[in-house]
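Once you've had a glance at the structure underneath, I'll fire off some questions.
Heavy-atom basis, side chains included; hydrogens, waters and symmetry copies ignored. Numbers restart at 1 for each chain; the letters A, B, ... are given by sequence-line order, proteins then strands.
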Amino acid sequence: GENVEQHPSTLSVQEGDSAVIKCTYSDSASNYFPWYKQELGKRPQLIIDIRSNVGEKKDQRIAVTLNKTAKHFSLHITETQPEDSAVYFCAAKGGSTLGRLYFGRGTQLTVWP
Amino acid sequence: NAGVTQTPKFRILKIGQSMTLQCAQDMNHNYMYWYRQDPGMGLKLIYYSVGAGITDKGEVPNGYNVSRSTTEDFPLRLELAAPSQTSVYFCASSYAGLNDEQFFGPGTRLTVL
């Protein structure tokens, strides 16, 4: 099956700085790559996703880039705010497994005021 | 729409006891999933279902059972609870083939003593 690796496991930034989280995947047929944000004690919630026919997608301060050749994708958060502090998970949908997502281990992002 | 609902929110079990975690969705999603999340860790897939009457194992199925008799409900059964099953359990659903986004329930926090 698919294998997703995520780095770094923890990330601390100053408010207003940018944060970048990177993930790699193993299945070249994977075609859907979502990012989830999980605040402490809450459920994971989708913040942005990208499909394999798109190289970049942006939504206000959040952007995701995908490099299919290198099999990696990244989450970029600009102008970080304390409320961005959370655990972020990347995931990939394998090409041969309808619906099932393979998750990375998560990145704890802390934004200091 | 209530989305994905889970009951109970919290539960304490003694070793060897059994229980069923309930999950329901009202979005007419065909796919449903059960994950567990240990403290400070990522999401591990226990079981998933691609439709009523069809279930399959995920990464960590041992000690659990599932059934899916209707599109809406996907209960998770724990038999002979063990301390290693102390975790937060999330149910999720998606409409694979149209939109791959997985929607998560609020979670059940289970402690086995």
Side-chain angles (χ1 to χ4, degrees), chain A residues 1-10 21 23 25 27 29-54 57 59 64 66 73 86-110, chain B residues 2-7 9-10 21 23 25 27-51 54-61 68 71 74 87-109:
Chain A
E2 175 65 279
N3 181 44
V4 177
E5 298 200 356
Q6 182 173 348
H7 299 280
S9 56
T10 60
I21 303 170
C23 289
Y25 60 98
D27 184 355
S30 288
N31 55 21
Y32 173 67
F33 307 91
W35 286 88
Y36 284 83
K37 176 183 180 181
Q38 186 179 29
E39 296 175 349
L40 189 62
K42 300 287 183 66
R43 72 188 82 184
Q45 293 197 296
L46 181 75
I47 55 171
I48 196 167
D49 56 14
I50 192 168
R51 297 196 178 272
S52 57
N53 59 348
V54 175
K57 185 176 178 180
D59 183 3
V64 57
L66 171 65
F73 56 112
V87 178
Y88 292 80
F89 293 98
C90 65
K93 183 169 79 74
S96 61
T97 52
L98 287 176
R100 178 175 172 177
L101 293 177
Y102 294 81
F103 284 86
R105 297 189 66 169
T107 296
Q108 172 68 62
L109 173 65
T110 303
Chain B
V4 181
T5 58
Q6 291 183 238
T7 56
K9 287 188 170 58
F10 305 94
L21 281 66
C23 174
Q25 53 88 14
M27 298 175 282
N28 201 30
H29 284 172
N30 48 359
Y31 280 40
M32 296 187 75
Y33 315 82
W34 274 107
Y35 295 92
R36 60 175 287 173
Q37 185 175 37
D38 298 333
M41 301 293 285
L43 297 157
K44 294 182 181 178
L45 184 65
I46 306 171
Y47 270 97
Y48 66 106
S49 169
V50 302
I54 306 170
T55 63
D56 206 351
K57 297 177 181 178
E59 302 169 73
V60 289
R68 186 137 179 236
T71 301
F74 190 39
S87 191
V88 178
Y89 291 84
F90 288 102
C91 178
S93 70
S94 68
Y95 199 90
L98 178 66
N99 181 334
D100 294 303
E101 177 181 356
Q102 287 192 16
F103 293 82
F104 285 80
T108 294
R109 186 174 297 273

Taking side chain as everything from C-beta outward and backbone as N, CA, C, O, which of these in B:Gln37 sits under 4.5 Å from a heavy atom of chain A? Side chain, backbone, both or neither.
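Contact with chain A involves the side chain of B:Gln37 alone.
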
Interatomic distance, B:Tyr33 atom OH to A:Arg100 atom CZ [nearest 0.5 angstrom]:
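Those atoms lie 10.0 Å apart.
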
Measuring from atom CG of A:Asp49 to atom CD of B:Glu101, what distance do you get when rounded to the nearest 0.5 angstrom?
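Reported value, rounded in 0.5 Å steps: 7.0 Å.
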
Give the member of A:Gln38, A:Lys42, A:Gln108, A:Arg43 that has the highest number of heavy-atom pairs under 4.5 Å with chain B.
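Top count of heavy-atom pairs under 4.5 Å with chain B: A:Arg43.
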
Using salt bridge (charged side-chain N to carboxylate O under 4.0 Å, His left out) as the criterion, list what pairs up with B:Lys44, not counting sequence neighbours.
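For B:Lys44 there are no salt bridge (charged side-chain N to carboxylate O under 4.0 Å, His left out) partners, ignoring immediate neighbours.
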
Quick one: closest heavy-atom pair of A:Phe89 and B:Leu43, and the distance?
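Scanning both residues completely, I find the closest heavy atoms to be CE2-N, 4.4 Å.
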
Roughly how far, to the nearest 0.5 Å, is the CE atom of B:Met41 from the CZ atom of A:Phe103?
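So the CZ of A:Phe103 and the CE of B:Met41 are separated by 14.5 Å.
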
Which distance, rounded to the nearest 0.5 Å, do you find between the OH of B:Tyr35 and the CG of A:Leu101?
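One finds 5.0 Å between OH of B:Tyr35 and CG of A:Leu101.
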
Checking B:Val4 against chain A: side chain, backbone, both or neither under 4.5 Å from a heavy atom?
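For B:Val4, backbone heavy atoms alone lie under 4.5 Å from chain A.
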
Could you tell me which non-hydrogen atom of A:Pro44 sits nearest to which non-hydrogen atom of B:Phe90, and how far apart they are?
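Nearest pair, atom of A:Pro44 first, then B:Phe90: CD-CE2, 4.0 Å.
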
Could I get the full list of salt bridge (charged side-chain N to carboxylate O under 4.0 Å, His left out) partners for A:Glu39, not counting sequence neighbours?
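With sequence neighbours excluded, A:Glu39 shows a salt bridge (charged side-chain N to carboxylate O under 4.0 Å, His left out) to A:Lys37, given in chain and number order.
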
